[in-house]
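For reference, the structure is listed below as structure tokens.
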Amino acid sequence: MTNLKQLRTNSGLSQQALAEKFNLSQQSIYKYENDLAEPDISTLKEFAHFFGVSIDYLVGYQSESETAGEGFTPTGVELLTLKKLRQIKPEVRQSIIALLESL
């Protein structure tokens, strides 16, 4: 799985943290990232959905530039961040949004 490690590290997740999210072992993630084993199709689908990429991109059949024209698809981490943002009081949320816009 060519791009799993890159997606995981870009999301700030350790192998153990990713494994826990999918009820897998850390060793399984290690094996997937190092082409020592392959996940089943349902796990591939879950990884692709979580990271907001296609299965083709996840396994290296499609480059990132080929997926760029597909529109914005938030990653799992981005979706979790949005969910947390929506739980914040409106006045605090506006301050956070203003801060982000100033960057």
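- For Ile29 against Ala19, the heavy-atom pair with the smallest separation is CG1-CB, 3.7 Å.
- For the atom pair CG of Leu100 and CG of Leu103, the computed distance is 6.0 Å after rounding to the nearest 0.5 Å.
- Side-chain atoms of Leu7 and Phe47, non-hydrogen and from C-beta on, never get closer than 4.5 Å to each other.
- Cluster annotation: Leu36 and Leu24 are assigned to distinct hydrophobic clusters (Ile/Leu/Val/Met/Phe/Trp/Tyr, side-chain heavy-atom contacts under 4.5 Å, transitive).
- Ser14 meets the side-chain contact (heavy atoms from CB on, under 4.5 Å) test with Gln16, Ala17; sequence neighbours excluded.
- Within the structure, no pair that satisfies the side-chain hydrogen bond (donor to acceptor under 3.5 Å, both in side chains) test touches residues 87-103, not counting sequence neighbours.
- Side chains of Glu38 and Val59 form no contact here, defined as non-hydrogen atoms less than 4.5 Å apart.
- One distance of note links CG of Asp56 with CG of Leu44; it measures 10.5 Å at 0.5 Å rounding.
- From Asn23, atom CG reaches atom CD of Glu46 across 9.5 Å, with rounding to the nearest 0.5 Å.
- The two residues Phe51 and Ser11 make their nearest non-hydrogen contact at CE2-OG, 3.6 Å.
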**OP:** Kindly determine whether Tyr61 and Ile55 satisfy side chain to side chain contact (heavy atoms under 4.5 Å, CB included), including the steps that lead there.
**Re:** CA-CA 8 Å; Tyr61 289 144; Ile55 291 174; over 6 Å; no

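- The side-chain hydrogen bond (donor to acceptor under 3.5 Å, both in side chains) test with Gln26 is passed by exactly one of Gln15, Glu20, Lys31: Gln15.
- The OH atom of Tyr57 sits 4.0 Å away from atom CD of Gln6, with the distance rounded to the nearest 0.5 Å.
- Scanning for side-chain contact (heavy atoms from CB on, under 4.5 Å) contacts around Ser25 gives Gln27, Ser28, with sequence neighbours left out.
- One distance of note links NZ of Lys84 with CD1 of Ile96; it measures 11.5 Å at 0.5 Å rounding.
- Taking the six-membered ring where the residue is Trp, the centroids of Phe50 and Phe22 are separated by under 6.0 Å.
- Val92 and Leu85 end up in the same hydrophobic cluster when Ile, Leu, Val, Met, Phe, Trp and Tyr side chains are linked at under 4.5 Å.
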